[in-house]
Number of protein chains: 2
Amino acid sequence: MLRLSKLTDYAVVVLVRLSHSAEVQTSPGIAAATGIPEPTVAKVLKTLAARGLVASHRGAHGGYRLARPLAGIAIAEVIGAIDGPIALTACVDGANAGCEVLQVCPVRGRWDPVNAAIREALAAISLEDMQLASVSRPFRIVSLARPAASTSPVPVVE
Amino acid sequence: MLRLSKLTDYAVVVLVRLSHSAEVQTSPGIAAATGIPEPTVAKVLKTLAARGLVASHRGAHGGYRLARPLAGIAIAEVIGAIDGPIALTACVDGANAGCEVLQVCPVRGRWDPVNAAIREALAAISLEDMQLASVSRPFRIVSLARPAASTSPVPVVE
DNA sequence: AACTAACAGGACCCAAGCAGTCCTGATTAG
DNA sequence: CTAATCAGGACTGCTTGGGTCCTGTTAGTT
């Protein structure tokens with residue numbers, strides 16, 4: 001279903017959190033503030049730093065800082081940083097050998113316009129847009145029946 | 001990386017194949033013509049039939065037929081039929097309990113504009129557009145080093 | 001009426017990819 | 001020099017989807 005990796009979701013949370021302060025923030029600090037497990041936060045931040053979306057400061061009293069304001073970061077960049085290039089995989093491995101029939105496989109390159117459209121759409125939305133989108137929008141709680149043996153009965157939001 | 005399921009790719013191939021003829025075509029026939037494994041073709045066709053994208057005819061000399069011309073089928077419909085509703089999953093299960101911090105989780109609903117943008121982009125592209133896109137576009141062959149034990153050394157197109 | 005070709009709709013198994021953790025090394029403030 | 005913190009990679013358990021198969025139903029054909 002056009003799955004977006006959960007890590008990308010975390011990345012957005014982390015970036016928004018970073019925007020709350022101009023000072024450097026440590027990954028344990030962000031983990032505590034967001035509730036995301038610390039190792040995962042660290043992993044996300046490292047990836048974002050490698051892609052230049054956040055600036056890192058090593059050593060004691062180091063941490064992370066936004067490289068740019070939220071408005072300057074397109075959601076496409078975040079997805080690209082975490083999930084890799086934005087492209088719907090199609091006809092990847094040589095498993096479907098049907099393409100030799102006409103020597104012009106009916107799908108080769110077919111997805112290009114689709115990829116382009118999606119990339120364009122995602123490039124037009126900045127993190128600031130996403131931040132603003134939810135401020136005015138309360139969310140409804142959906143209580144979910146859950147076996148007692150499971151994790152804590154956390155209300156799930158749809 | 002915004003993975004699109006391979007099944008959806010197959011669905012496009014099958015639908016384009018179906019458009020070649022107004023007569024009903026059997027799934028083994030389509031499998032032979034496209035090179036896609038027959039059971040998989042059958043699975044895709046059954047799903048597409050359930051969603052009304054193709055019309056099925058049961059019994060002897062039965063088969064499948066396009067319910068609408070290619071131009072009338074948006075790629076969004078195909079994706080929706082195979083992969084389910086178009087939505088980037090975010091904050092799905094109750095695992096990330098961090099949202100209770102501010103009682104206004106920093107991501108809830110955040111992806112809605114993104115989803116809407118993608119849905120809009122995909123609704124604007126019909127299968128006919130995809131078919132036309134590749135006719136004029138030759139593809140380059142990338143010979144891939146492949147262990148001899150593998151399947152036939154099929155040239156892979158990128 | 002019986003037979004057969006074809007779809008319908010599941011159940012099922014296996015593998016790939018990802019979330020999440022941990023470990024070791026490099027860097028820098030105090 | 002020491003401690004705090006990032007950098008980078010290796011590893012593992014699990015979820016999900018790709019693919020197969022089986023049984024039932026429908027409808028032409030003889």
Side-chain angles (χ1 to χ4, degrees), chain A residues 1-11 13-14 18 23-32 35-65 67 79 82-84 88-93 95-96 150-151, chain B residues 1-11 13-14 18 23-32 35-52 54-65 67 79 81-84 88-93 95-96 98 151:
Chain A
M1 56 178 142
L2 266 188
R3 284 189 326 108
L4 186 66
S5 83
K6 209 184 294 185
L7 269 296
T8 304
D9 188 22
Y10 290 161
V13 177
V14 167
L18 275 177
E23 303 300 312
V24 295
Q25 299 173 59
T26 68
S27 43
I30 295 174
I36 302 171
E38 193 273 329
T40 302
V41 170
K43 186 179 194 175
V44 168
L45 280 170
K46 277 182 277 191
T47 306
L48 292 177
R51 293 293 295 256
L53 290 177
V54 302
S56 65
H57 229 74
R58 299 177 71 156
H61 294 98
Y64 293 95
R65 197 165 29 83
I79 296 176
I82 304 290
D83 276 356
L88 308 177
T89 54
C91 274
V92 184
D93 48 54
N96 49 351
S150 174
T151 58
Chain B
M1 52 176 144
L2 266 189
R3 285 188 325 108
L4 186 65
S5 83
K6 209 184 293 184
L7 269 294
T8 304
D9 187 23
Y10 290 161
V13 178
V14 167
L18 276 178
E23 304 299 312
V24 295
Q25 299 174 58
T26 68
S27 43
I30 296 174
I36 302 171
E38 193 274 329
T40 302
V41 170
K43 185 179 193 176
V44 168
L45 280 171
K46 277 183 277 192
T47 306
L48 293 176
R51 292 292 296 255
V54 301
S56 66
H57 230 73
R58 299 178 71 158
H61 294 97
Y64 294 95
R65 195 164 30 83
I79 296 176
I82 304 291
D83 276 354
L88 309 177
T89 53
C91 276
V92 184
D93 47 54
N96 49 353
T151 59

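In what follows, every chain begins at residue 1, and chains take the letters A, B, ... in the order their sequences are listed.
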For a quick test of reading the model: is some side-chain N or O of B/Thr26 closer than 4.0 Å to OP1 or OP2 of C/dA5? no

Test B/Leu48 against B/Ile82 for side-chain contact (heavy atoms from CB on, under 4.5 Å), laying out the working first. CA-CA 7 Å; B/Leu48 293 176; B/Ile82 304 291; 4.1 Å; yes

Between P on D/dG19 and CG on B/Asp9, what's the gap in Å once rounded to a whole number? 11 Å

Excluding sequence neighbours, so at least two apart, what forms side-chain contact (heavy atoms from CB on, under 4.5 Å) with A/Ala42? A/Ser27, A/Glu38, A/Lys46

With respect to the phosphate group of D/dT5, does any side-chain polar atom (N or O) of A/Ser27 fall under 4.0 Å of OP1 or OP2? no

Measure from NZ on B/Lys6 to C1' on C/dC14 and round the result to the nearest Å. 13 Å

Which residues in residues 49-60 of chain A have a heavy atom closer than 4.0 Å to any atom of DNA chain C? A/Arg58, A/Gly59, A/Ala60

For D/dA7 and A/Tyr64 - does any side-chain N or O of the residue sit under 4.0 Å from the phosphate oxygens OP1/OP2? yes

Could you check how far CD of B/Glu38 sits from C1' of D/dC22, rounded to whole Å? 13 Å

How far apart are the closest heavy atoms of B/Ala67 and B/Gly52, and which atoms are they? CB-O, 3.4 Å

Ignoring hydrogens and angles, does a donor from either the side chain of A/Lys43 or the base of C/dG20 sit under 3.5 Å from an acceptor on the other? yes

Check the phosphate of D/dT29 against B/His61, side-chain N and O only, distance under 4.0 Å to OP1 or OP2. Yes or no? yes

A/Leu7 has an atom CG; how far is it from atom P of C/dT21, in whole Å? 11 Å

Please report, rounded to the nearest Å, how far the C1' atom of C/dG20 is from the NZ atom of A/Lys46. 12 Å

Taking only side-chain nitrogens and oxygens of B/Ser5, does any of them come within less than 4.0 Å of OP1 or OP2 of D/dT16? no

Can you see which heavy atom on A/Val24 is nearest to which on A/His61, and at what distance? CG2-O, 4.0 Å

Under the criterion side-chain contact (heavy atoms from CB on, under 4.5 Å), I'd like the reasoning laid out for B/Leu7 against B/Thr40: C-alpha separation, chi angles, the key distance, then a yes or no. CA-CA 8 Å; B/Leu7 269 294; B/Thr40 302; 4.1 Å; yes

Calculate the interatomic distance between B/Ile36 atom CD1 and D/dG18 atom C1'; express it in whole Å. 13 Å

Of B/Ile82 and A/Gly63, whose closest DNA chain D nucleotide lies nearer the 5' terminus? A/Gly63

Closest non-hydrogen atoms of B/Val54 and B/Leu45, given as atom of the first, atom of the second and distance, are CG2-O, 3.9 Å

Could you check how far CD of B/Glu23 sits from C1' of C/dA6, rounded to whole Å? 16 Å

Non-hydrogen atoms of A/Ala31 and A/Pro37 that approach each other most closely: CB-C, 4.3 Å

Once you round it to whole Å, what is the distance between P of C/dA8 and CG of B/Leu48? 11 Å

Has A/Tyr10 got a side-chain N or O lying under 4.0 Å from the OP1 or OP2 atom of C/dG20? yes

